[in-house]
Structures are given as C-alpha cells and as structure tokens.
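Heads up: the structure comes next, in structure tokens.
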Amino acid sequence: MKIDISLDANIAGMMESEILAGEKAVTGGVREVADWVKAEWRGQVTGAGLGQRLANTIRQNNYPARGESLGAASLVYARPNRKRRSASAADVIDAFDRGALIRSRDGFFLAIPTAAAGMKGWGRERITPGGWEKRNGMRLRFVYRRGRHALLVADDARIGRDGLARQKRGRRRRDGILTGAATVPIFVLIPQVRLKKRLDLAPVARAAESRLPAAILRRWK
C-alpha cells in the first residue's frame with residue numbers, strides 16, 4: 001500500500017498568515033502594556049512632587065526595536081547615571097520607592113545645602129562642601145549646636161542678588177571687622193535621613209502581567 005501525504009498550499013498559507021498575526025499581536029500587546037507601565041510610573045513620580053524632569057528619566061526599550069516577533073519584549077527602567085559621580089535617577093527613584101535610610105558614605109554627616117549654597121560646586125558638579133570652597137575660594141567653619149544639627153558656615157561673607165553666599169570684599173576696620181560681612185550657614189549637617197516612601201512601583205508591574213494576555217488577544221484577529 002502506498003500513501004502520499006502532502007501539505008495543501010492553502011493550509012500552509014493559513015499557517016503563515018496566523019504566525020504573522022501572532023507576531024503582530026504579541027508585539028503590539030507587549031508595547032501597549034509597557035507604555036502603560038511607563039505612564040503609570042511617570043505619573044507616580046510627578047504626583048509625589050518629585051518633578052517632571054525626574055519622571056522623564058523613566059524610559060522604555062522595545063525588543064525588537066523594529067519589526068514584529070512572537071518573542072517581543074519591552075524594558076521599562078529609570079535611567080542610570082553613566083559617570084556614577086553622584087546618585088542616578090534610578091537611585092533616587094529606588095530610594096523613594098523603598099523609603100530608604102540614607103547615611104553619609106564616610107560615616108560622618110550628610111551635608112544638606114542651604115539656599116545660600118546654590119546647587120552647583122566646582123566644575124558644575126553637584127554641590128559639596130569641598131566643591132563650594134573651591135568655587136568661592138573660602139573655607140567653611142564647623143559650628144556645633146547642642147541639641148540641634150551642626151552647621152558649616154562661611155565667615156566674612158555676603159549674600160548676592162541671586163541669594164547665594166560669596167566672599168565679602170573691602171577693607172577691614174582697625175578692629176579687624178570687615179564692614180558689611182556676615183556669617184552665613186552654607187550646609188546643615190545631619191547624621192542620617194529616612195526618606196518617606198512616596199512611590200509604589202511594584203503593584204504596577206504586577207498589574208501589567210494580568211493586562212498582557214488581554215492586550216495580545218485584542219490584536220489577534
């Protein structure tokens with residue numbers, strides 16, 4: 001007995017068409033849900049009062065970047081700091097998501113800048129006591145306050161029109177006092193600070209898992 005088995009051309013075409021439909025549905029569904037996660041996370045950041053700039057660091061990468069695939073995937077993430085000289089957006093978002101306890105790296109104090117310190121130090125980097133001293137050519141003095149946070153202050157300083165402390169120029173009186181100069185608090189020193197938990201990102205990620213099947217099925221026609 002001889003049996004001939006062949007694949008009907010119409011069936012092969014239907015299978016190919018179904019695979020293409022599946023690739024389109026999976027890719028579209030994955031990207032839709034990833035878009036939703038990104039929007040929800042950004043909304044939490046701005047809703048917590050952390051600003052649109054930080055919210056915009058939440059990004060989305062799609063795989064494949066072009067075309068469609070049954071193995072499509074998307075990554076939603078907070079942008080890291082490439083130079084790693086300071087805390088990245090990912091670090092900040094993670095800290096507010098966990099309600100992290102922040103301590104100084106060297107085990108002493110966290111130096112919190114006052115309005116008179118400004119935001120940028122030497123080389124336009126994030127302000128630090130050392131960076132402030134280099135930028136202004138002045139030395140900071142430690143002030144201990146019993147029962148209150150210690151300070152780093154600048155002596156013989158003045159407050160400019162922009163609200164920042166600078167070195168006071170001019171002649172001193174016979175008694176050594178520089179007329180018009182002031183002692184200005186530049187940094188408040190605290191041993192540690194616990195950030196209030198202001199974000200809750202994990203439930204959004206879990207909700208995305210339940211949304212994905214429906215998002216794919218809507219597109220699989």
Side-chain angles (χ1 to χ4, degrees), residues 9-103 105 110 112-113 115 118-121 123-128 192-221:
N10 291 333
I11 296 177
M14 291 173 60
M15 292 178 62
E16 182 178 358
S17 177
E18 194 66 17
I19 291 174
L20 293 174
E23 291 176 341
K24 183 176 181 179
V26 170
T27 303
V30 167
R31 292 181 181 178
E32 174 193 314
V33 173
D35 285 340
W36 175 79
V37 171
K38 181 178 70 174
E40 288 291 312
W41 282 6
R42 286 186 172 184
Q44 282 199 29
V45 172
T46 55
L50 301 177
Q52 189 62 53
R53 184 175 180 180
L54 182 61
N56 289 344
T57 65
I58 295 178
R59 305 294 180 84
Q60 174 185 348
N61 288 346
N62 297 319
Y63 306 95
R66 296 182 179 180
E68 296 161 341
S69 170
L70 289 173
S74 290
L75 173 66
V76 180
Y77 64 99
R79 186 178 62 193
N81 189 343
R82 295 178 180 178
K83 296 182 179 180
R84 296 303 301 175
R85 293 179 181 177
S86 60
S88 69
D91 295 328
V92 174
I93 289 174
D94 176 66
F96 281 109
D97 187 41
R98 293 186 293 110
L101 180 66
I102 300 177
R103 296 187 177 92
R105 293 180 179 178
L110 292 171
I112 309 300
M119 298 302 296
K120 299 295 182 181
R124 306 302 295 171
E125 295 182 0
R126 187 183 63 170
I127 190 70
T128 63
Q192 63 186 33
V193 60
R194 179 174 291 280
L195 296 180
K196 181 180 178 181
K197 181 176 174 61
R198 298 166 71 176
L199 304 174
D200 198 9
L201 305 181
V204 177
R206 290 194 294 269
E209 297 178 3
S210 61
R211 295 172 70 100
L212 182 57
I216 293 174
L217 289 176
R218 283 198 308 270
R219 289 169 167 77
W220 204 321
K221 300 177 182 180

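Every heavy atom of this structure was used, including side-chain atoms; hydrogens, water molecules and symmetry mates were not. If you read the sequence from its start, that first residue is 1, and numbering goes on from there.
When the salt bridge (charged side-chain N to carboxylate O under 4.0 Å, His left out) test is applied to E32, the partners found at least two apart in sequence or on another chain are R218, R219. Every residue meeting the side chain to side chain contact (heavy atoms under 4.5 Å, CB included) condition with T46, not counting sequence neighbours, appears here in chain and number order: Q52, A55. Listed by chain and number, the residues in a salt bridge (charged side-chain N to carboxylate O under 4.0 Å, His left out) with D35 amount to none (sequence neighbours excluded). Under the side chain to side chain contact (heavy atoms under 4.5 Å, CB included) criterion, A34 pairs with Q60, S74, V76, sequence neighbours left out.
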Exercise answer: donor-acceptor pairs, residues 197-214 side-chain atoms, under 3.5 Å, sequence neighbours excluded:
from, atom 1, to, atom 2, distance (Å)
K197, NZ, D97, O, 2.2
K197, NZ, L199, O, 2.9
R198, NE, A48, O, 3.3
R198, NH2, A48, O, 2.4
S210, OG, A207, O, 2.8

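T27 and S69 get closest at one heavy-atom pair: OG1-N, 2.9 Å. The two residues V33 and A215 make their nearest non-hydrogen contact at CG2-CB, 4.0 Å. Closest approach of V26 and L70 over heavy atoms only: CG1-O, 3.5 Å. The minimum heavy-atom distance between V30 and A72, with the atom names listed, is CG2-O, 3.8 Å.
A distance-only check finds no donor-acceptor pair linking the side chain of T57 to the backbone of A78 [under 3.5 Å].
For the atom pair CG of L54 and CZ of F96, the computed distance is 8.5 Å after rounding to the nearest 0.5 Å. Rounding to the nearest 0.5 Å gives a distance of 11.0 Å between CZ of R79 and CD1 of I58. Distance check: K38 NZ to Y77 OH gives 10.0 Å after rounding to the nearest 0.5 Å. One finds the CH2 atom of W220 at 9.5 Å from the CD atom of E23 (value rounded to the nearest 0.5 Å).
Other residues, nucleotides and ligands contribute at most 12 non-hydrogen atoms within 6.0 Å of the NZ atom of K24.
Side chains of I93 and W41 form no contact here, defined as non-hydrogen atoms less than 4.5 Å apart.
Counting only residues at least two apart or in different chains, salt bridge (charged side-chain N to carboxylate O under 4.0 Å, His left out) contacts with residues 59-72 are absent.
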